[in-house]
Amino acid sequence: MSEQDKVFIFDTTLRDGEQSPGATMSHAEKLEIAGLLDEMGVDIIEAGFPIASEGDFAAVKAISEQAKTSVICGLARANLKDIDRCWEAVKHAKQPRIHTFIGTSPLHRAIPDLTMDEMADRIHETVTHARNLCDNVQWSPMDATRTEEDYLCRTVEIAIKAGATTINIPDTVGYTAPRESAALIQMLLERVPGADEIIFATHCHNDLGMATANSLAAVEAGARQVECTINGLGERAGNTALEEVVMALKVRNDIMPYRTGIDSTKLMNISRRVASVSGFAVQFNKAIVGKNAFAHESGIHQDGMLKNAETFEIMRPADVGLSETNIVMGKHSGRAALRSKLAELGFELGDNQLKDVFVRFKALADQKKEVYDEDLIALMQTGDAEEDHIKLTALKVSCGMGLEKSAEMTLEIDGVAKSVSATGDGPVDAAFNAVKSLFPHTARLQLYQVAAVTEGTDAQATVSVRLEEDGKIATGQSADVDTVVASVKAYVNALNRLVVRREKAGGDKAEVSYKDVS
């Protein structure tokens, strides 16, 4: 494909996506997601904000070292210290990129109290510095869509002359409509000298539900890079969803004759994995990757589907990685069938991994008549915590109308078994009180969410828990056919992550709040 036909996919799940309150990912999780993005064919991975913390720097550096084909990008504010720190993290990549930004709208210029001329000088200085370090530099005028057009043209021209190879135009507050998004890109291409020699990118937030539409409108107007996240994760209402852009370009190639290098058959797998590690479940009616995206209940729809799937589906389930065939999995299934089914779902396991998963699969199959694809995915996504300081080893709850709600529990804390009985308003509350009694802490429960993985009374329950302690947020998730057990495991999983963050707190001091970025 020619450069004019290609749309570069810039994924910022690990940077902008992780800025969603409670979506913080562990080091290992970031590396895993980055590996999946790289394997899927994402052109540019924005791996993080290196100066934000030692942990973020380490993650960006590690992702840079492991990346095989993707460009690895780090974010930096418009100052030399940020840019130097960013370069130290990404320089290990085969294809590194520095992304530096500054807010150019009147509201954002007022924050550093810079005049237009002073900001213009800073843009020239910082982009020049970045280009002297790296030959792949991206510059963003934050809140571009609310910046005066003349000044926006002036700053974009300065950045291009200073060496920026990509100019990103962010709709930072999600205020723009598609027609405006297209007109803005077209205006810049027409008015800015050198605009035809660089790539324009679009970064749209979803505050009014128009992020994907705005991004595609910008592409039609000449933008050749779309910034997006898996599941649309991100600040406030989120960002343009990667899966929506990829499938829109694929399905509507008649009106948008552009191509991406994304392997769309991996979309469902990475969507579910990001949902698992971030603790942000995908809504059932979410486009492309929602549970109901390929579900049909209406009799008219079902009849049409049986005669010709195209009557009510504009893409095939296989296009996004869903299986079109169904190997029934149950307690009589063997290792070969399990390995085959997991491979079909996108999970390639070594012999030792398969042995561990097979034990958990058999335990689940003994409790359910049939193990569905969703059950297996949940099984793969809710293994042991990275740092099992706390383990649930025994739990018994008592509840009922007119009865005291109580829980008897045994936890293994750093290898030492401890038991207690506790009461509460319900069985889950009693169980959580028991955990707190055995492992005293000040973490506050911010979110408790239960979702059925499959249908029926024997369905697995996936429980997500979000805890906050001294400004640190950790999420935990677990699945089990027993909702109370899943709840406690998720709670303990979140506590384990908080313990890790406590231990790292002394050497992981943030130099900037994540809320400072677009």
Visitor: Say whether Glu235 and His205, considering side chains only, have a donor N or O and an acceptor N or O under 3.5 Å apart.
Guide: no
Visitor: So does Met142 get a backbone contact from the side chain of Ser140, meaning a donor-acceptor N/O pair under 3.5 Å?
Guide: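 No, because the side chain of Ser140 does not come within donor-acceptor range (under 3.5 Å) of the backbone of Met142.
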Visitor: Taking side chain to side chain contact (heavy atoms under 4.5 Å, CB included) as the definition, give me every residue that meets it alongside Thr165, ordered by chain and number, with sequence neighbours left out.
Guide: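 Listed in chain order: Arg131, Asn136.
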Visitor: The criterion is side-chain hydrogen bond (donor to acceptor under 3.5 Å, both in side chains); which residues satisfy it with Gln283, sequence neighbours excluded?
Guide: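 By the side-chain hydrogen bond (donor to acceptor under 3.5 Å, both in side chains) rule, Gln283 matches Asn285.
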Visitor: Would you call Asp84-Lys81 a salt bridge at under 4.0 Å N-O?
Guide: no
Visitor: Please enumerate all residues that pass side chain to side chain contact (heavy atoms under 4.5 Å, CB included) together with Pro193, with sequence neighbours excluded.
Guide: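 Expected list: Glu157.
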Visitor: Taking the basic N atoms (NZ, or NE/NH1/NH2) and the acidic carboxylate oxygens, is any pair closer than 4.0 Å for Lys6 and Asp43?
Guide: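 Looking at Asp43 together with Lys6, the answer is yes, because their closest N to O distance falls below 4.0 Å.
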Visitor: For a 4.5 angstrom cut-off between non-hydrogen side-chain atoms, does Leu75 reach Cys86?
Guide: no
Visitor: Check the pair Val463, Ser478 against side-chain contact (heavy atoms from CB on, under 4.5 Å), reporting the backbone distance first and the verdict last.
Guide: CA-CA 6 Å; Val463 178; Ser478 186; 5.8 Å; no
Visitor: Between the side chains of Asp143 and Thr172, does any donor sit under 3.5 Å from an acceptor?
Guide: no
Visitor: With sequence neighbours excluded, what pairs up with Asn132 under the side chain to side chain contact (heavy atoms under 4.5 Å, CB included) test?
Guide: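 Asn132: side chain to side chain contact (heavy atoms under 4.5 Å, CB included) contacts with Thr128.
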Visitor: Working to the nearest 0.5 angstrom, can you tell me the gap between Asp470 CG and His441 NE2?
Guide: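 Taking CG in Asp470 and NE2 in His441, the distance rounds to 12.5 Å.
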Visitor: Strictly below 4.0 Å, N to O, side chains only: are Glu88 and Lys91 in salt-bridge contact?
Guide: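 Yes, this pair counts.
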Visitor: Among residues at least two apart in sequence or on other chains, which ones pass salt bridge (Lys or Arg N to Asp or Glu O under 4.0 Å) with Arg236?
Guide: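 For Arg236, the residues satisfying salt bridge (Lys or Arg N to Asp or Glu O under 4.0 Å) (neighbours in sequence not counted) are Asp207.
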Visitor: Look only at the side chain of Arg224 and the backbone of Phe8, and say whether a donor-acceptor pair between them is shorter than 3.5 Å.
Guide: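 No: the side chain of Arg224 does not pair with the backbone of Phe8.
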Visitor: Can a salt bridge be assigned to the pair Arg273 and Glu29 using a cut-off of 4.0 Å between side-chain N and carboxylate O?
Guide: no
Visitor: If you take all heavy atoms of Arg97 and Cys134, which pair is closest and at what distance?
Guide: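 So the two residues come closest at CA-SG, 4.1 Å.
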Visitor: Could you please spell out the steps behind the salt bridge (Lys or Arg N to Asp or Glu O under 4.0 Å) verdict for Arg146 and Asp171?
Guide: CA-CA 8 Å; Arg146 294 193 296 174; Asp171 183 22; over 6 Å; no
Visitor: Find out whether Glu148 and Pro106 are in side-chain contact, i.e. whether some heavy atom of one side chain is under 4.5 Å from a heavy atom of the other.
Guide: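 Glu148 vs Pro106: side chains touch.
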Visitor: Do you know the tightest heavy-atom contact between Thr240 and Cys228?
Guide: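 In this case the closest contact between Thr240 and Cys228 is O-CB, 3.1 Å.
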Visitor: I'd like to check the side-chain hydrogen bond (donor to acceptor under 3.5 Å, both in side chains) partners of Thr126; sequence neighbours left out, ordered by chain and number.
Guide: none
Visitor: Under the rule for side chain to side chain contact (heavy atoms under 4.5 Å, CB included), what residues qualify as partners of Ala93, not counting sequence neighbours?
Guide: Ser64, Ile72, Pro96
Visitor: Pair Lys68, Asp38 - check salt bridge (Lys or Arg N to Asp or Glu O under 4.0 Å), show working.
Guide: CA-CA 7 Å; Lys68 296 177 181 178; Asp38 192 15; over 6 Å; no
Visitor: Determine whether Thr202 and Gln225 make a side-chain contact, defined as any pair of heavy atoms from C-beta on separated by less than 4.5 Å.
Guide: no
Visitor: Report the residues that fulfil side-chain hydrogen bond (donor to acceptor under 3.5 Å, both in side chains) with Thr155, sequence neighbours left out, ordered by chain and then residue number.
Guide: none
Visitor: Is there a donor-acceptor pair under 3.5 Å between the side chain of Asn496 and the backbone N or O of His389?
Guide: yes
Visitor: Quick one: do Glu244 and Thr212 satisfy side chain to side chain donor-acceptor pair (under 3.5 Å)? Show the steps, please.
Guide: CA-CA 7 Å; Glu244 293 174 7; Thr212 299; 2.5 Å; yes
Visitor: If the threshold is 4.0 Å, N to carboxylate O, is there a salt bridge linking Arg191 and Asp150?
Guide: yes
Visitor: What are the two closest heavy atoms between Met116 and Arg154, and how far apart are they?
Guide: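 Smallest interatomic distance, heavy atoms only, reads CB-NH1, 4.1 Å.
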Visitor: Less than 6.0 angstrom from the centroid, inside 45 degrees of the normal: does Arg109 satisfy that with respect to the ring of Tyr151?
Guide: yes
Visitor: Would a distance-only check, ignoring hydrogens and angles, find a side-chain to backbone donor-acceptor pair under 3.5 Å from Ser276 to Arg272?
Guide: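 It does not hold such a pair.
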Visitor: Find out whether Phe57 and Ile51 are in side-chain contact, i.e. whether some heavy atom of one side chain is under 4.5 Å from a heavy atom of the other.
Guide: no
Visitor: Can you see which heavy atom on Leu322 is nearest to which on Phe294, and at what distance?
Guide: CD1-CD1, 3.5 Å
Visitor: Do Arg259 and Asn253 touch side chain to side chain, with heavy atoms closer than 4.5 Å?
Guide: yes
Visitor: Show which side-chain atoms of residues 443-452 pair as donor or acceptor with protein atoms under 3.5 Å away, not counting sequence neighbours.
Guide:
| from | atom 1 | to | atom 2 | distance (Å) |
| --- | --- | --- | --- | --- |
| Tyr448 | OH | Ser487 | OG | 2.7 |

Visitor: Any donor-acceptor pair under 3.5 Å linking the side-chain atoms of Asp11 with those of Thr13?
Guide: yes
Visitor: Taking salt bridge (Lys or Arg N to Asp or Glu O under 4.0 Å) as the test, write out the residues that go with Asp429, two or more places apart.
Guide: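 By the salt bridge (Lys or Arg N to Asp or Glu O under 4.0 Å) rule, Asp429 matches no residue at all.
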Visitor: Determine whether the side chains of Ser271 and Asn231 contain a donor N or O and an acceptor N or O closer than 3.5 Å.
Guide: yes
Visitor: Check whether NZ of the Lys or CZ of the Arg Arg85 lies under 6.0 Å from the centre of the six-membered ring of Phe49 and within 45 degrees of that ring's axis.
Guide: no
Visitor: Crowded around Tyr175 OH? As in, over 12 foreign heavy atoms under 6.0 Å?
Guide: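 No.
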Visitor: Is the closest side-chain donor-acceptor distance between Glu46 and Thr12 under 3.5 Å?
Guide: yes
Visitor: Check side-chain hydrogen bond (donor to acceptor under 3.5 Å, both in side chains) between Thr147 and all other residues, then give those that pass, not counting sequence neighbours.
Guide: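 Thr147 satisfies side-chain hydrogen bond (donor to acceptor under 3.5 Å, both in side chains) with Thr104 only.
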Visitor: When you check the side-chain N and O atoms of Asn214 and Thr176, is any donor under 3.5 Å from an acceptor?
Guide: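 Checked: Asn214/Thr176 side chains show no N/O donor-acceptor pair below 3.5 Å.
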Visitor: Excluding sequence neighbours, so at least two apart, what forms salt bridge (Lys or Arg N to Asp or Glu O under 4.0 Å) with Lys61?
Guide: Glu65
